[in-house]
Asker: 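Once you've had a glance at the structure underneath, I'll fire off some questions.
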Amino acid sequence: MTQAEALILPEYVHGYPDVVFGGYLAGLLAKHAGGEVVRVDFRRAVMVGTPIHVSSREPGHAACTAGEDTVLVEASPSALTLDPPPAPSWAAARSAVEIALSGARTVTDCYGCGLACEPGRGLRLFPSELPDARMMAAAWTPDAKLADATGELPPEVVWSALDCPGGRAAFVYSGMGRGAFTAALTATQVRPVYAGADYVSHAWTVGREGRKHTVGVALSTADGELCALAEALWIEPRQG
């Protein structure tokens, strides 16, 4: 067992107001857990600006806790059976971003897709529909402030890029209701991702069962080489 790391995540790392951005926290746990493919399950909401602890009790596993006993998020070894569709071209992904920015888009400061985020304090990843395809896409060039000293994006940032696009796909193509949240995120990273380089994000729906929506998300180089792949489970809140 590793010693628990005490953290307070900054207030700008949020999705819904005051709630820690799921992909970011998942990436932190994946980094502690290690392993080729990691599944992160969100048990309770984690609030920004509040103390949490991240620890790994055994290889391949990690947990985020409040105090010593309340488990908020857990990471464990997993597998991915997704067969991702080919990444759209860089030109198509750029066109999708232009569509996203030209439409009646709600301006938020979501860490993943918020237009109001300053560069380096959010991904500024703006997915939108691809014409003639049931797929969301975005062109993305990560800001240098998102990277470590070597220019590489840490896992928490890469996993963040695997979050919002899937939610957008479920909202648009599966009719997912408002207030839905990421309940589980399973991902693998197969290539390093660097600030200043061009990447293509694309996301698609996998299935729906009542309030549960499963989506796939991929991040690739501008030439279509896969960098990271994820399957996410989003859940709509109960009505009434």
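Quick caveat, the model's predicted, so the values are computed rather than measured. Index from 1, following the sequence. Only heavy atoms go into these numbers, but all of them, side chains included; no hydrogens, no water, no symmetry mates.
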Asker: Test of understanding: with salt bridge (Lys or Arg N to Asp or Glu O under 4.0 Å), list the residues that count as partners of R39, not counting sequence neighbours.
Answerer: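 If we apply the salt bridge (Lys or Arg N to Asp or Glu O under 4.0 Å) test to R39, skipping adjacent residues, the hits are D41.
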Asker: Would you be so kind as to tabulate the donor-acceptor pairs closer than 3.5 Å made by side chains of residues 130-140, with sequence neighbours excluded?
Answerer:
| unit_1 | atom_1 | unit_2 | atom_2 | d |
| --- | --- | --- | --- | --- |
| R134 | NH2 | Y173 | O | 3.0 |
| W140 | NE1 | L123 | O | 2.8 |

Asker: When you check the side-chain N and O atoms of E74 and H61, is any donor under 3.5 Å from an acceptor?
Answerer: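 Absent: no donor and acceptor within the cut-off.
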Asker: Scan the side chains in residues 176-189 for donor-acceptor partners under 3.5 Å anywhere in the protein, sequence neighbours excluded, and list what turns up.
Answerer:
| unit_1 | atom_1 | unit_2 | atom_2 | d |
| --- | --- | --- | --- | --- |
| T182 | OG1 | D163 | OD1 | 2.9 |
| T188 | OG1 | E36 | O | 2.7 |
| Q189 | NE2 | R191 | O | 3.0 |

Asker: Donor-acceptor pairs under 3.5 angstrom involving side-chain atoms of residues 89-100: please list them, not counting sequence neighbours.
Answerer:
| unit_1 | atom_1 | unit_2 | atom_2 | d |
| --- | --- | --- | --- | --- |
| S89 | OG | A92 | N | 3.0 |
| S95 | OG | A91 | O | 3.1 |

Asker: Just jot down the salt bridge (Lys or Arg N to Asp or Glu O under 4.0 Å) partners of E129, sequence neighbours excluded, or say none.
Answerer: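 So E129 forms no salt bridge (Lys or Arg N to Asp or Glu O under 4.0 Å) with any residue.
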Asker: Locate the shortest heavy-atom distance separating A75 from V38; write the atom from each residue and the value.
Answerer: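 Reported closest heavy-atom pair: CB-CG1, 3.8 Å.
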Asker: Show me the donor-acceptor pairs, under 3.5 Å and distance only, between side chains in residues 192-205 and residues at least two apart or in other chains.
Answerer:
| unit_1 | atom_1 | unit_2 | atom_2 | d |
| --- | --- | --- | --- | --- |
| D198 | OD1 | T141 | OG1 | 2.6 |
| Y199 | OH | Y194 | N | 2.8 |
| H202 | NE2 | P85 | O | 2.9 |

Asker: What pairs of donor and acceptor atoms, side-chain ones from residues 213-224 against any protein atom, are under 3.5 angstrom apart with sequence neighbours left out?
Answerer:
| unit_1 | atom_1 | unit_2 | atom_2 | d |
| --- | --- | --- | --- | --- |
| H213 | NE2 | E236 | OE2 | 2.6 |
| T221 | OG1 | D223 | N | 3.3 |
| T221 | OG1 | G224 | N | 3.4 |
| T221 | OG1 | E225 | N | 3.0 |

Asker: Just how far is it from atom SG of C164 to atom CZ of F126, taken to the nearest 0.5 Å?
Answerer: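 If we round to the nearest 0.5 Å, C164:SG and F126:CZ are 10.5 Å apart.
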Asker: Who passes side chain to side chain donor-acceptor pair (under 3.5 Å) against D83, sequence neighbours left out?
Answerer: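 With neighbours one apart ignored, the set is empty.
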Asker: Applying side chain to side chain donor-acceptor pair (under 3.5 Å), name anything that partners T150, two or more places apart in sequence or on another chain.
Answerer: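 T150 satisfies side chain to side chain donor-acceptor pair (under 3.5 Å) with D148 only.
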Asker: Would you list the atom pairs, donor with acceptor, under 3.5 Å between side chains in residues 18-31 and any protein atom, with sequence neighbours excluded?
Answerer:
| unit_1 | atom_1 | unit_2 | atom_2 | d |
| --- | --- | --- | --- | --- |
| K31 | NZ | E156 | OE1 | 3.1 |
| K31 | NZ | E156 | OE2 | 3.4 |

Asker: Looking at residues at least two apart in the chain, or sitting in another chain, which of them share a salt bridge (Lys or Arg N to Asp or Glu O under 4.0 Å) with D143?
Answerer: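 Salt bridge (Lys or Arg N to Asp or Glu O under 4.0 Å) check on D143 returns nothing, list empty.
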Asker: Listed by chain and number, what are the salt bridge (Lys or Arg N to Asp or Glu O under 4.0 Å) partners of R44, not counting sequence neighbours?
Answerer: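 For R44, no residue satisfies salt bridge (Lys or Arg N to Asp or Glu O under 4.0 Å) once neighbours in sequence are set aside.
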